[in-house]
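One structure below.
Model, not experiment: these values are computed from the prediction.
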Amino acid sequence: MDSAASSSSVLAHRFALDEYHRLIESGGFDEDARVELIEGTIADMSPKTPEHERLVAWLARWLTLAVDAQGYEVHVCAPLTIGDSEPEPDLAVIANDTPQPYHPATATLVIEVAVSSQHRDLRQKPTIYAQALVPEYWVIDLDADRVIAHRDPRDNAYERITEIPGVGRIAPEALGLPQLDVAELLAAARLR
């Protein structure tokens with residue numbers, strides 16, 4: 001049997017959310033495992049770099065101070081339960097009245113900081129977040145010094161996708177917050 005024939009006959013188990021939750025709750029993963037459920041498949045999460053961690057911390061501070069604490073919570077590296085997925089975005093701003101089938105089912109703003117995860121963050125996750133009607137999804141691509149803002153979810157896709165270069169400005173439209181200088185975001189990741 002040639003390798004092409006053998007690789008095409010490999011089957012993968014797709015996990016339902018309740019199976020995934022039972023696996024987690026039964027201790028099926030090492031406590032240090034960094035995984036997320038993406039469209040029924042358990043996917044390893046990218047390792048975190050110092051740049052990634054600095055930017056997530058900077059954004060968490062900024063969002064915590066900027067959002068209305070009476071209406072929203074800022075979640076850092078916490079899962080969302082969306083269809084057959086349970087992504088763990090770097091940051092999510094969650095309205096206090098958001099349904100929680102297991103974890104929150106949507107967010108008002110989701111931010112992913114991409115160092116080596118651009119493929120998943122830009123190809124797979126927009127569909128998942130649009131399915132949950134997340135009004136605004138950002139990918140801060142540290143390798144390319146840019147922010148890609150996804151807005152206006154419809155039919156499991158975003159109608160507006162805007163690339164903001166390192167010299168541009170971006171504002172979380174869904175939250176009505178002030179603009180951020182993209183160069184300042186990038187500098188927050190690289191300083192210290």
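- The side-chain heavy atoms of Ile148 and Ile161, taken from C-beta on, include a pair separated by under 4.5 Å.
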Determine, step by step, whether Leu109 and Leu63 satisfy the side chain to side chain contact (heavy atoms under 4.5 Å, CB included) criterion, reporting the C-alpha distance in whole Å, the side-chain angles of both residues, the deciding distance to 0.1 Å, and the verdict.
CA-CA 10 Å; Leu109 171 66; Leu63 285 168; 4.2 Å; yes
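- Atom-to-atom distance recorded for Ile94:CD1 and Gln100:CD is 8.0 Å, nearest 0.5 angstrom.
- Pairing each heavy atom of Pro172 with each of Trp62, the nearest pair is CG-CH2, 3.8 Å.
- With hydrogens and angles ignored, the 3.5 Å screen pairs a side-chain donor or acceptor of Arg54 with a backbone N or O of Ala189.
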Criterion side chain to side chain contact (heavy atoms under 4.5 Å, CB included) on Val134 and Arg151, from CA distance to verdict:
CA-CA 8 Å; Val134 172; Arg151 296 181 175 117; over 6 Å; no
Under the criterion side chain to side chain contact (heavy atoms under 4.5 Å, CB included), I'd like the reasoning laid out for Ile111 against Leu59: C-alpha separation, chi angles, the key distance, then a yes or no.
CA-CA 9 Å; Ile111 301 174; Leu59 285 163; 4.2 Å; yes
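- Residues Pro79 and Glu86 share a closest heavy-atom pair of CB-CG, 3.8 Å.
- Between the side chain of Thr98 and the backbone N or O of Pro104, no donor-acceptor pair lies under 3.5 Å.
- Within the 4.5 Å cutoff, the side chain of His150 has heavy atoms near those of the Pro126 side chain.
- Interatomic distance, CG of Leu185 versus CG of Leu142, reported as 9.5 Å (0.5 Å rounding).
- A salt bridge does not link Asp90 with Lys48: every distance from a Lys NZ or Arg NE/NH1/NH2 to an Asp or Glu carboxylate oxygen is 4.0 Å or more.
- We find the CG-CD distance between Asp143 and Glu51 to be 8.0 Å, quoted to the nearest 0.5 Å.
- The two atoms that bring Pro135 and Ala107 nearest to each other are CD-O, 3.3 Å, heavy atoms only.
- Judged purely by distance below 3.5 Å, without hydrogens or angles, the side chains of Gln131 and Asn156 never pair a donor atom with an acceptor atom.
- Separating the CG atom in Asp68 from the CG atom in Asn96 is a distance of 8.5 Å, to the nearest 0.5 Å.
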Going through the checks in order, is the side chain to side chain contact (heavy atoms under 4.5 Å, CB included) test met by Ile140 and Leu55?
CA-CA 9 Å; Ile140 301 174; Leu55 185 51; 3.6 Å; yes
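- Closest approach of Ala132 and Ala105 over heavy atoms only: CB-O, 3.5 Å.
- Checked against Glu112 for a side-chain hydrogen bond (donor to acceptor under 3.5 Å, both in side chains), the options Tyr129, Trp138, Tyr137 give a single hit: Tyr129.
- No side-chain donor-acceptor contact under 3.5 Å links Asp141 to the backbone of Gln118.
- Not one N or O on the side chain of Gln124 forms a donor-acceptor pair closer than 3.5 Å with the backbone of Asp121.
- In this structure, the separation between CD1 on Ile82 and CD1 on Ile128 is 7.0 Å, given to the nearest 0.5 Å.
- When every heavy atom of Val67 is checked against every heavy atom of Leu177, the shortest pair comes out as CG1-CD1, 4.0 Å.
- Side-chain atoms of Ser117 do not come within 3.5 Å of backbone N or O of Ala114 as any donor-acceptor pair.
- The minimum heavy-atom distance linking Ala78 with Pro89 is given by the pair O-CD, 3.3 Å.
- The distance from the CG atom of Leu80 to the NZ atom of Lys125 is 9.5 Å, given to the nearest 0.5 Å.
- A salt bridge is defined here as a Lys NZ or Arg NE, NH1 or NH2 lying under 4.0 Å from an Asp or Glu carboxylate O, and Glu136 with Arg160 fails to meet this definition.
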